[in-house]
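Below, each value reflects all heavy atoms present in this structure, side chains not excepted, and no hydrogens, waters or symmetry copies. Fair warning: this is a prediction, and the values are worked out from it, not measured in the lab.
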Amino acid sequence: MSSKDCGHHEDESRKLIRLILFGIGGFFFVVLLTIFIIWAVLRPTKPKFTIQDATLYAFNLSSPATNTLTITMQVTLSSHNPNRRIGIYYSNLHAYASYHNQQVTLATELPPTYQGHKDFTVWSPFLFGAAAPVSPFTLSSLQQDRGAGAVVVNVKIYGRVKWKVGTWVSGRYHLFVNCPAYIRFTGAGDRSGSGIQIVAPAKFQLLQGCSVDV
């Protein structure tokens, strides 16, 4: 084979490789463009969360000598998928209670689930916090709330969601939910001195919407 024939063969090989690369690139471009068009047309809407009620089994703030808070509560949380053509996968969900951005219970894991179009999902987790240390600022705020007769405990959820359109499933997105629970001190036990203790169990109907970030 002459050097001219070898050069011609190499040129043909390069053209073939370029055609294959252009074909692969074009395929991925069409796939990504299709996904983008579907996404733009369907316009997925983030889920809507509601805290329906809260049952308080323990709420005890110790004296300033120890500055600890013991809280046990069960909350009923519901999620609604407002999309007509998009399903939602929930995974790695955890819920906990916080007060003034300080976590006061351990995180409770929620079961993963798939939520169909226009569907509802309900969770009823228990949230526990035994003698959790609180800052002096938190102690002062709780004492002020005691005087006002109510306290706002924020039930927060974090996890991951995936969108499902037909057979296509998106990547995972972070989910953050914040649900304010208004707890009244009506029927409280020890409200003397610096301690706070509510007679339990006490159930509060809330039906309060939550803020949702995806």
Side-chain angles (χ1 to χ4, degrees), residues 47-80 90-113 120-161 174-213:
K48 297 180 179 179
F49 278 74
T50 302
I51 180 168
Q52 298 182 357
D53 58 59
T55 302
L56 204 61
Y57 294 96
F59 191 98
N60 185 14
L61 179 66
S62 67
S63 65
T66 54
N67 283 6
T68 60
L69 175 64
T70 295
I71 179 171
T72 302
M73 62 189 301
Q74 183 183 22
V75 295
T76 302
L77 303 161
S78 65
S79 171
H80 171 52
Y90 296 91
S91 63
N92 299 326
L93 292 177
H94 293 81
Y96 66 92
S98 73
Y99 177 79
H100 280 235
N101 293 320
Q102 180 176 348
Q103 185 173 339
V104 293
T105 69
L106 298 174
T108 299
E109 185 175 3
L110 305 181
T113 186
F120 287 86
T121 304
V122 177
W123 297 278
S124 297
F126 280 89
L127 308 177
F128 302 94
V134 295
S135 66
F137 170 76
T138 301
L139 175 64
S140 175
S141 298
L142 278 169
Q143 290 171 344
Q144 292 177 10
D145 289 338
R146 178 190 61 177
V151 63
V152 179
V153 176
N154 292 85
V155 178
K156 297 185 177 182
I157 304 170
Y158 63 92
R160 300 291 184 90
V161 294
H174 289 282
L175 173 72
F176 299 98
V177 183
N178 186 4
C179 304
Y182 297 91
I183 306 299
R184 298 181 304 278
F185 287 116
T186 303
D190 178 18
R191 292 177 55 181
S192 61
S194 300
I196 300 176
Q197 185 176 7
I198 292 180
V199 175
K203 187 170 184 177
F204 303 93
Q205 297 293 336
L206 301 172
L207 293 177
Q208 175 67 41
C210 309
S211 62
V212 180
D213 290 319

Review point. Looking at side-chain heavy atoms only, is the closest gap between Leu56 and Thr72 below 4.5 Å?
Key: no
Point to revise | Neighbour count above 12 (heavy atom, 6.0 Å) for His80 NE2 | key: yes
Review point. Taking it one step at a time, do Cys210 and Val177 satisfy side-chain contact (heavy atoms from CB on, under 4.5 Å)?
Key: CA-CA 7 Å; Cys210 309; Val177 183; 3.8 Å; yes
Point to revise | Separation between CD1 of Ile183 and CG of Leu206, rounded to the nearest 0.5 Å | key: 6.0 Å
Exercise for review: Answer yes if the side chains of Ser79 and Tyr90 hold a donor-acceptor pair under 3.5 Å, and no otherwise.
Suggested key: yes
Revision key, fill the gap. OG1 of Thr105 to NZ of Lys156, rounded to nearest 0.5 Å, is 11.0 Å
Check your understanding: Does a donor on one side chain and an acceptor on the other come within less than 3.5 Å for Asp145 and Tyr99?
Key -> yes
**Study point:** Side chains of Gln52 and Ser78, donor plus acceptor under 3.5 Å
**Key:** yes
Review point. CZ of Phe126 to CE of Met73: how many Å apart, nearest 0.5 Å?
Key: 11.0 Å
Exercise for review: Decide if the gap between the ring center of Phe137 and the ring center of His100 is smaller than 6.0 angstrom.
Suggested key: yes
Point to revise | Asp53/Thr76 under side chain to side chain donor-acceptor pair (under 3.5 Å): CA gap, chis, key distance, verdict | key: CA-CA 5 Å; Asp53 58 59; Thr76 302; 2.9 Å; yes
Check your understanding: Between CD1 of Ile51 and CZ of Phe204, what distance do you get to the nearest 0.5 Å?
Key -> 11.5 Å
Practice item. Starting at OG1 of Thr108, measure out to CD of Gln74 and round the result to the nearest 0.5 Å. Key: 10.5 Å
Practice item. Indicate whether the side chain of Asn60 and that of Thr70 have a donor and an acceptor atom separated by less than 3.5 Å. Key: no
Practice item. Please lay out, stage by stage, how Ser135 and Thr138 fare under the test side chain to side chain donor-acceptor pair (under 3.5 Å). Key: CA-CA 5 Å; Ser135 66; Thr138 301; 2.9 Å; yes
Check your understanding: So do Leu93 and Tyr158 actually touch side chain to side chain, heavy atoms under 4.5 Å?
Key -> no
Exercise for review: Show the numbers, then the answer: is there a side-chain contact (heavy atoms from CB on, under 4.5 Å) between Val155 and Leu127?
Suggested key: CA-CA 9 Å; Val155 178; Leu127 308 177; 4.2 Å; yes
**Study point:** Inter-residue atom distance Trp123.CH2 - Leu110.CG, 0.5 Å rounding
**Key:** 6.5 Å
